[in-house]
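Chain A is the first sequence line, chain B the second, and so forth, proteins listed ahead of strands; every chain is numbered from 1.
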Protein chains: 2
Amino acid sequence: MLSKKTKYGLKALTYLASIDSKEPVQIAEIAKHENISQKFLESILLTLRRNGFLGSKKGKGGGYYLIKEPEEIVMTAVIRVLEGPIAMVPCVSLNFYEKCDDCPDENKCSVHKLMLQVRDGALEVYRNNTLADLIA
Amino acid sequence: MLSKKTKYGLKALTYLASIDSKEPVQIAEIAKHENISQKFLESILLTLRRNGFLGSKKGKGGGYYLIKEPEEIVMTAVIRVLEGPIAMVPCVSLNFYEKCDDCPDENKCSVHKLMLQVRDGALEVYRNNTLADLIA
DNA sequence: GTTAAAATCTATAAAAACGATAGGGTAAAG
DNA sequence: CTTTACCCTATCGTTTTTATAGATTTTAAC
């Protein structure tokens, strides 16, 4: 299940990309337009800023704005920051690999075998989608 | 993230399929062989039985056994029973559809657009894998 | 410059939901 | 009368989501 954090984060990014101008947009405006709890959104935007997706400007006339072109923002990166691992099991994760406690041999594990394919499928989708693709 | 319920369920099914014979296998044996909490496995096997994957026999010499051939047990069905929806968002789910409270128009929603593709990818993998494929 | 307002930042924590496990008792089969 | 599956309930721990309260920075107005 996709967390609301990811969902809201994606929606916020989409909104900023659709605005098109690089002018800062206030949290309140984004929250209202996308029906998101403002305080929750606040923390989400913060992590997006810390990870290089957004810039921010404080004070009057401040807000958040995209720091890169929508075409450059690839979903693999967004998902990993907001949702975490793309793989459904740590033992098939590229960026968050972890061995299973049970499972003496990964290569013979049925779960491993199946989830490897699922991961590859998801990865291909995320790699082929930028923020620009989602607003088209 | 894949729940342990699903993981354990898959491992149990795999084990039963690898045994090959249709003789009942005790919960304790499966739990021990796959490093699973026996009590937890108990409830998992129960739901697998209720959903037509397993048969059971009580008393001495009892246990669980596969009710269908491994080739007939397709992953879409198993995942839906153990894990629930394959889609990461209810608004793109085939079997568990639900409209989002926010989101006035699904067709314009970026999350919807992205998760539709992810679902299709996962679906293709699950459709192409039977229990027999996983033990090969 | 000073000030005040507007906004982002920070930290905490409460509330709710969910996942995983354990305990104890019942029913059926041999 | 023993063995095993079946069933119900409670609990513990974690994660997710939201709420609260205040600190800090920047800008704009005066």
Side-chain angles (χ1 to χ4, degrees), chain A residues 1-12 16 23-32 34-51 53-67 79 81-85 88-90 96 100-102, chain B residues 1-12 16 23-32 34-67 81-85 88-90 96 98 100-102 111:
Chain A
M1 186 61 109
L2 198 72
S3 69
K4 297 213 168 171
K5 183 179 175 186
T6 305
K7 186 182 176 186
Y8 292 167
L10 274 173
K11 284 197 163 195
L16 289 176
E23 289 302 297
V25 180
Q26 296 169 30
I27 297 178
E29 181 183 334
I30 307 175
K32 198 173 182 185
E34 301 292 338
N35 292 312
I36 304 173
S37 144
Q38 177 165 343
K39 273 297 182 182
F40 192 24
L41 180 60
E42 208 174 301
S43 73
I44 297 169
L45 294 177
L46 207 54
T47 72
L48 285 174
R49 192 200 61 120
R50 290 208 181 99
N51 285 282
F53 295 102
L54 297 179
S56 69
K57 197 180 165 191
K58 287 186 181 178
K60 192 175 257 180
Y64 282 95
Y65 52 91
L66 281 183
I67 225 173
I79 295 292
V81 162
L82 292 174
E83 188 77 6
M88 296 188 75
V89 174
F96 301 82
C100 294
D101 323 346
D102 48 331
Chain B
M1 187 61 109
L2 198 74
S3 69
K4 296 210 171 175
K5 183 177 173 187
T6 305
K7 186 182 176 186
Y8 293 166
L10 274 173
K11 285 196 163 194
L16 288 176
E23 289 302 298
V25 180
Q26 295 170 30
I27 297 178
E29 181 183 334
I30 307 176
K32 197 172 182 185
E34 300 293 338
N35 292 312
I36 303 173
S37 144
Q38 177 163 343
K39 270 291 184 184
F40 194 21
L41 181 59
E42 196 177 310
S43 72
I44 296 168
L45 294 177
L46 206 53
T47 72
L48 284 174
R49 192 202 62 120
R50 289 208 182 100
N51 288 96
F53 295 101
L54 298 179
S56 68
K57 200 180 165 192
K58 287 184 182 179
K60 190 178 256 180
Y64 282 96
Y65 52 92
L66 281 182
I67 226 173
V81 161
L82 292 175
E83 187 76 4
M88 297 189 73
V89 173
F96 301 83
E98 221 173 298
C100 295
D101 324 345
D102 48 332
V111 178

In whole Å, what is the span from the NZ atom of B:K39 to the P atom of D:dC7? 13 Å
Inspect the contact between A:K39 and A:E42 and indicate whether a charged nitrogen and a carboxylate oxygen are less than 4.0 angstrom apart. yes
Most 5' of A:K60 and A:S3 on DNA chain D, judged by nearest nucleotide: A:S3
Base, sugar-phosphate or nothing for B:L45? Non-hydrogen atoms, less than 4.0 Å. nothing
Rounded to whole Å, please give me the gap between CE in B:M1 and P in D:dT14. 14 Å
What is the distance from atom CG of A:L82 to atom CD1 of A:I44, rounded to the nearest 0.5 Å? 7.5 Å
Ignoring the backbone of B:R49, work out which of D:dC7, D:dT4, D:dT18 is nearest its side chain. D:dC7
Does B:R50 place a side-chain N or O at less than 4.0 Å from the phosphate oxygens OP1/OP2 of D:dA5? no
Nearest-0.5 Å distance that lies between atom CG in B:L48 and atom CD1 in B:I67: 11.0 Å
Nearest whole Å is fine: how far is D:dT4 P from B:L46 CG? 18 Å
Could you tell me from which nucleotide to which nucleotide of DNA chain C, 5' to 3', there is an atom under 4.0 Å from chain B heavy atoms? C:dA20 to C:dG30
At 4.0 Å (heavy atoms only), tell me whether B:K4 reaches a base, stays on the sugar-phosphate, or touches nothing. sugar-phosphate
Output for pair (B:K7 NZ, B:E83 CD), nearest 0.5 Å, gives 12.5 Å
Do A:L41 and A:E34 have side-chain heavy atoms sitting under 4.5 Å apart? no
DNA chain D: 5'-proximal contact among A:G61 and A:E42 (nearest heavy atom): A:E42
Which heavy atom of B:P24 sits nearest a heavy atom of B:G62, and at what distance? CB-C, 3.6 Å
Taking CD from B:Q38 and C1' from D:dT3, how many angstroms apart are they, rounded to a whole number? 13 Å
For the pair made of CZ in A:F40 and P in D:dT20, what is the distance, rounded to whole Å? 15 Å
Integer-rounded Å distance: D:dC7 P and B:L48 CG: 14 Å
Rounded to whole Å, the CD1-C1' distance (B:I30 to D:dT4) equals 13 Å
To the nearest Å, give me how far apart CD1 (A:I36) and P (D:dT17) are. 12 Å
Here the pair of heavy atoms bringing B:I30 nearest to B:V25 is CG1-CG1, 3.7 Å
